[in-house]
Student: 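Right, I'll just put the structure down here and ask away after.
For the numbers below, each heavy atom of this structure counts, side chains included, while hydrogens, waters and symmetry mates do not.
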Amino acid sequence: MSNIIELSDVYKSFDQGVYHLEILKGINLKIGSAEVVALVGPSGAGKSTLLHIMGLLDSSDSGDVIISGASASGLSDIKRTKIRRSKIGFVYQFHNLLPEFNALDNVVMPQLIAGISQEKAEKRAKVLLNKMMLGSRINHRPSELSGGEKQRVAIARALANRPRLVLADEPTGNLDEKTGNGVMDMLLELSNDEGISALVATHNIKLAARMDRTITLKDGVLTKAV
């Protein structure tokens, strides 16, 4: 199995006043093609920091992030942005949809930014929203959608540019159990249909058990991989 992303000896720390906080301590991780991995661990363990570094939203102090066989070390901000736009999709605990746009436009927007034509972008958006069971809601703005519907739009948006990897940070954290299970069903189904790898940070052990494997981050160290 080829690796979509690989982290090699990644360290990250922050200075907070007089304190020096070591957040990630020598992280080594590989995620294969079409593999869905759960990331669990207590609050403050560094899960979000790890996701930000993997998604090239932040840089590590040392170590390397290798995406589709290419090192991201030392890349300019412009090149990092280009990789994010074409290879990585993000889903957050708070959907972060643009409130002034409807569901369709929220999924179309990242495609237009990537240079895809309006016609092709709308076609792709409608396919994804229909797969997410939102075909009848495409003209609704976020304020007119339920929490689960908003998160499904966010997943469709994350997949709009056909990324190789999706990074999801507590995507069901604000949803009740039934709604969260439904959202996860669709994320897993779409990842399988599109052949996309995913790393999903979650506190929900039941959801984690449904993924291909689980890794545990504690005190900045990957302590378990199954």
Student: Walk me through whether F90 and R84 qualify under side-chain contact (heavy atoms from CB on, under 4.5 Å).
Tutor: CA-CA 9 Å; F90 298 90; R84 284 198 303 271; 4.0 Å; yes
Student: When clusters are formed by joining ILVMFWY residues with side-chain heavy atoms under 4.5 Å apart, either directly or through shared neighbours, do V153 and M109 land in the same one?
Tutor: no
Student: Testing the basics here: between G26 and D9, what is the closest heavy-atom pair and its distance to 0.1 Å?
Tutor: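 It is CA-OD1, 3.5 Å.
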Student: More than 12 foreign heavy atoms under 6.0 Å from NZ of K131: is that the case here?
Tutor: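 Count over threshold, so yes.
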Student: Apply side chain to side chain donor-acceptor pair (under 3.5 Å) to residues D64 and S71 and explain how you reach the verdict.
Tutor: CA-CA 7 Å; D64 200 4; S71 171; 2.7 Å; yes
Student: Using modelled atom types and a 3.5 Å cut-off, is there a donor and acceptor pairing between side-chain atoms of D219 and backbone atoms of V221?
Tutor: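 Answer holds: no.
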Student: Are more than 12 heavy atoms, taken from residues, nucleotides or ligands other than E100, located less than 6.0 Å from that residue's CD atom?
Tutor: yes
Student: Determine the minimum heavy-atom distance between H203 and S43, stating which atoms define it.
Tutor: NE2-OG, 3.5 Å
Student: For the residue pair P171 and I155, establish whether any side-chain heavy-atom pair is separated by less than 4.5 Å.
Tutor: no
Student: Cluster question for you: counting only ILVMFWY and a side-chain heavy-atom cut-off of under 4.5 Å, with indirect links fine, are I5 and L75 together?
Tutor: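 Both belong to a single hydrophobic cluster.
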Student: Report yes or no: do L199 and I23 belong to one cluster of Ile/Leu/Val/Met/Phe/Trp/Tyr joined by side chain heavy-atom distances under 4.5 Å?
Tutor: yes
Student: Would L187 end up clustered with L97 when hydrophobic side chains under 4.5 Å apart are linked, directly or stepwise?
Tutor: yes
Student: Run I31 and M54 through side-chain contact (heavy atoms from CB on, under 4.5 Å) and show every step you take.
Tutor: CA-CA 11 Å; I31 297 179; M54 293 176 70; 3.9 Å; yes
Student: Return yes if some donor-acceptor pair links the side-chain N/O of N181 with the main-chain N/O of E177 below 3.5 Å, else return no.
Tutor: yes
Student: Donor-acceptor pair, distance only, cut-off 3.5 Å: does the side chain of K30 make one with the backbone of L7?
Tutor: no
Student: Which side-chain N or O atoms in residues 156-169 pair as donor and acceptor under 3.5 Å with protein atoms at least two apart or in another chain?
Tutor:
residue : atom : partner : partner atom : Å
R157    : NH1  : N96     : O            : 2.9
R157    : NH2  : H95     : O            : 2.6
N161    : ND2  : P110    : O            : 3.2
D169    : OD2  : S48     : OG           : 2.7

Student: Are the side chain of K47 and the backbone of P42 linked by a donor-acceptor contact shorter than 3.5 Å?
Tutor: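 Yes, the answer is positive, given that a donor and an acceptor are paired below the 3.5 Å cut-off.
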Student: Atom CE of M211 and atom CG of L39: how far apart are they, to the nearest 0.5 Å?
Tutor: 9.5 Å
Student: Taking all heavy atoms of F101 and all of P142, pick out the closest pair and write down the distance.
Tutor: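 Looking at all heavy atoms of both residues, the closest pair is O-CD, 3.1 Å.
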Student: Just how far is it from atom CG of L50 to atom CG of L24, taken to the nearest 0.5 Å?
Tutor: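 Between atom CG of L50 and atom CG of L24 there are 5.5 Å.
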Student: Could you pull out all residues at least two apart from R137 that satisfy salt bridge (charged side-chain N to carboxylate O under 4.0 Å, His left out)?
Tutor: E149
Student: With a 3.5 Å distance limit and no angle check, can you tell me whether T202 reaches the backbone of A208 through a side-chain donor-acceptor pair?
Tutor: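 A pair under 3.5 Å: no.
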Student: Supply the atom-to-atom distance D61 CG to S13 OG, rounded to the nearest 0.5 angstrom.
Tutor: 4.0 Å
Student: Which distance, rounded to the nearest 0.5 Å, do you find between the CG of L134 and the CG of L145?
Tutor: 7.0 Å
Student: Does D58 have any salt bridge (charged side-chain N to carboxylate O under 4.0 Å, His left out) partners at least two apart in sequence or in another chain, and if so, which?
Tutor: K12
Student: N204 side chain to L207 main-chain N or O, any donor-acceptor pair under 3.5 Å?
Tutor: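 Yes, the answer is positive, given that a donor and an acceptor are paired below the 3.5 Å cut-off.
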Student: Walk me through whether S73 and V65 qualify under side-chain contact (heavy atoms from CB on, under 4.5 Å).
Tutor: CA-CA 7 Å; S73 179; V65 178; over 6 Å; no
Student: Considering non-hydrogen atoms only, spot the tightest contact between L104 and A125 and give its length.
Tutor: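 That closest heavy-atom pairing would be CD1-CB, 3.6 Å.
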Student: For residues N28 and V10, determine if any side-chain heavy atom of one lies less than 4.5 Å from a side-chain heavy atom of the other.
Tutor: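 No, their side chains stay 4.5 Å or more apart.
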Student: Can you tell me how far the OG1 atom of T179 sits from the CD atom of Q151, to the nearest 0.5 Å?
Tutor: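 Here the rounded value is 11.0 Å.
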Student: Is there a side-chain contact between L190 and I196, using heavy atoms and a 4.5 Å cut-off?
Tutor: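 The answer is no; the side chains never approach within 4.5 Å.
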Student: What are the two closest non-hydrogen atoms of Y11 and S60, and how far apart are they?
Tutor: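 Nearest heavy atoms, Y11 then S60: O-CB, 3.4 Å.
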Student: Checking N102 against H140: is there a side-chain donor and acceptor pair closer than 3.5 Å?
Tutor: no
Student: Determine whether a donor-acceptor pair (N or O, by modelled atom type, separation under 3.5 Å) exists between the side chain of S197 and the backbone of I4.
Tutor: no
Student: Provide the closest heavy-atom pair for K120 versus I116 in the form atom of the first, atom of the second, distance.
Tutor: CB-CG2, 3.7 Å
Student: Going through the distances and angles, do I83 and I67 end up as a side-chain contact (heavy atoms from CB on, under 4.5 Å)?
Tutor: CA-CA 9 Å; I83 292 173; I67 299 176; 4.0 Å; yes
Student: Do M132 and L188 belong to the same hydrophobic cluster, where Ile, Leu, Val, Met, Phe, Trp and Tyr are linked whenever their side-chain heavy atoms lie under 4.5 Å apart, directly or via other members?
Tutor: yes
Student: Would you indicate whether the side-chain heavy atoms of E35 and R213 approach each other to under 4.5 Å?
Tutor: yes
Student: Look at the side chain of D212 and the backbone N and O of V36, then say whether any donor-acceptor pair between them is shorter than 3.5 Å.
Tutor: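 Pair found, side chain donor or acceptor close to backbone of V36.
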Student: Does some side-chain heavy atom of I215 sit less than 4.5 Å from a side-chain heavy atom of L29?
Tutor: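 Yes. Closest side-chain heavy atoms under 4.5 Å.
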Student: Any donor and acceptor pair, going by atom type alone, linking the side chain of E189 with main-chain N or O of M186 inside 3.5 Å?
Tutor: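 The answer is no, because no donor-acceptor pair under 3.5 Å joins these two groups.
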Student: Between E194 and R124, is the closest basic N to carboxylate O distance under 4.0 Å?
Tutor: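 Looking at E194 together with R124, the answer is yes, because their closest N to O distance falls below 4.0 Å.
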Student: To the nearest 0.5 Å, tell me how far N106 CG sits from L98 CG.
Tutor: 5.0 Å
Student: Counting heavy atoms not belonging to E144, are there more than 12 under 6.0 Å from its CD?
Tutor: yes
